[in-house]
Number of protein chains: 2
Amino acid sequence: MTGQRTEANRPAVGVEERPEPPGLPDPLPEPAAADIRLETVLGALSDPLRLRIVRKLLLESEEFDHTCGWFGLDRPKSSLTHHFRALREAGVTRQRQYGLERRSQVRVADLNARFPGLLDLVAAWTPPDGD
Amino acid sequence: MTGQRTEANRPAVGVEERPEPPGLPDPLPEPAAADIRLETVLGALSDPLRLRIVRKLLLESEEFDHTCGWFGLDRPKSSLTHHFRALREAGVTRQRQYGLERRSQVRVADLNARFPGLLDLVAAWTPPDGD
DNA sequence: TGCTAAGTTCGACTCCACTCGTACAAGTAC
DNA sequence: GTACTTGTACGAGTGGAGTCGAACTTAGCA
C-alpha cells in the first residue's frame with residue numbers, strides 16, 4: 001500500500017509542494033526549509049541518542065529511508081517515537097508512512113542549504129562510548 | 001592588578017599549558033580542547049541568548065575579550081553568570097579575571113580545530129526578532 | 001476472523017535548565 | 001576607613017524534556 005491519504009500521512013504543514021517520484025506517501029508534518037531555526041536544530045542534535053540516529057542515517061543509509069527498528073536502539077517504542085518526532089519537528093529528518101512502518105531520512109539538501117557544514121560535523125561525531 | 005593566583009583565577013583543570021603573553025590572568029576552569037564534546041557544545045548553543053553572546057563576540061570583538069556588561073543584555077546578573085558559565089564549561093568561551101571584571105572570548109582556534117564550520121554557522125545566525 | 005507487528009497517544013514520574021532575588025566576596029576609588 | 005561596582009553563590013520557583021508503561025490504532029497475514 002502506498003500513497004493514499006489518511007489522517008496519519010496528511011500533507012505536511014508549511015511544506016512547499018515539490019515534484020516527487022509518484023507513489024511516495026506524503027511526508028509527515030515538518031517545518032518548511034526556510035523555517036528551520038538553527039537554535040532548534042542544535043537543540044535537537046544536543047541529545048546523544050538523536051545525534052547517533054542522524055549520524056547512522058548519514059553514514060549507513062543506502063539512499064533510502066529507514067524504519068525505527070533499523071537503528072537497533074535499545075529503548076521502548078514510546079521513547080523512540082519521542083526522539084524521532086523531535087528530529088522531524090526540528091526539521092532535521094523527514095518521515096513517511098509506509099503501511100505500518102514510519103521511515104526516516106535526513107533532509108540533507110535542506111540542511112546543507114541553510115547550515116552548510118553542520119551535517120559534516122554530525123557525520124564526524126563519535127559517541128561517548130563506542131558505536 | 002594582573003596575574004596573581006587567587007581562588008578565583010586558579011589554573012584551569014585539564015588545560016594544556018600554552019605559552020601566552022605575560023601578565024594575562026589564568027583562564028577560569030575549562031575543558032581541554034580535546035575534551036570538548038559536540039553534543040555539549042550544541043546544547044550550549046541551543047539557547048538563543050547564548051547564541052547571541054557568541055555571535056556578538058565573533059562579529060564585534062576587536063581581537064580582545066569583553067566583560068559581561070559589554071553585551072548589553074537586559075537580564076539580572078545572576079542569570080548572566082549562569083549563561084556565561086554554561087558557555088565556558090562547554091568549552092565555547094574562555095574567561096579571565098581582570099580585577100573585578102571577568103572577560104570572555106570565544107575559543108576560536110580550539111573550536112575551528114575540532115568542529116570546523118561550526119562558528120561560521122553561529123556568525124551567520126540571525127536572532128528570531130532583530131538584533 | 002483473529003493474531004501479530006509497528007508505532008502512536010496518554011499520563012505519570014523524574015530531573016535538569018532557565019529565571020530571578022537576595023546575600024555575599026573582592027577590587028577600586030574617594 | 002567607607003562607598004561603589006562587578007560578579008559569584010545559594011536557594012526557590014517554574015517549565016519543559018527525557019523516560020517509560022499501558023492502552024490503543026492500523027496494516028498485513030494466516
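Convention: sequence-line order gives letters A, B, ...; per-chain numbering from 1.
Residues R107(B) and P31(B) have side chains in contact (heavy-atom distance under 4.5 Å, counting atoms from C-beta outward). Contact annotation: the side chain of L45(A) never approaches that of L38(B) to less than 4.5 Å [non-hydrogen atoms, C-beta and beyond].
Under the salt bridge (Lys or Arg N to Asp or Glu O under 4.0 Å) criterion, R50(A) pairs with no residue, sequence neighbours left out. S46(B) meets the side-chain contact (heavy atoms from CB on, under 4.5 Å) test with L42(A); sequence neighbours excluded. Take S79(A) and apply the side-chain contact (heavy atoms from CB on, under 4.5 Å) test, not counting sequence neighbours, and it matches R75(A), P76(A).
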- [ ] Spell out protein contact along nucleotides 5-21 of chain D as letters: B when the base is contacted, S when just the sugar-phosphate is, - when no protein heavy atom is under 4.0 Å; keep the 5' to 3' order.
- [x] BBBBB--------BBBB
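Within the structure, no pair that satisfies the side-chain hydrogen bond (donor to acceptor under 3.5 Å, both in side chains) test touches residues 112-121 of chain B, not counting sequence neighbours.
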- [ ] Determine, stepwise, if the pair K56(B) / W70(B) fulfils side-chain contact (heavy atoms from CB on, under 4.5 Å).
- [x] CA-CA 10 Å; K56(B) 189 174 176 76; W70(B) 173 77; 3.8 Å; yes
TODO: Decide yes or no on side-chain contact (heavy atoms from CB on, under 4.5 Å) for R94(A) and D110(A), but give the supporting numbers first.
DONE: CA-CA 11 Å; R94(A) 169 167 297 145; D110(A) 290 338; 3.7 Å; yes
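For the helix from dT1(C)-dA30(D) to dC30(C)-dG1(D), the end axes, each set by the C1' atoms of five terminal pairs, are bent relative to each other by 10° (nearest 10°).
Note: CG (L45(B)) to C1' (dC18(C)) measures 16 Å, nearest angstrom.
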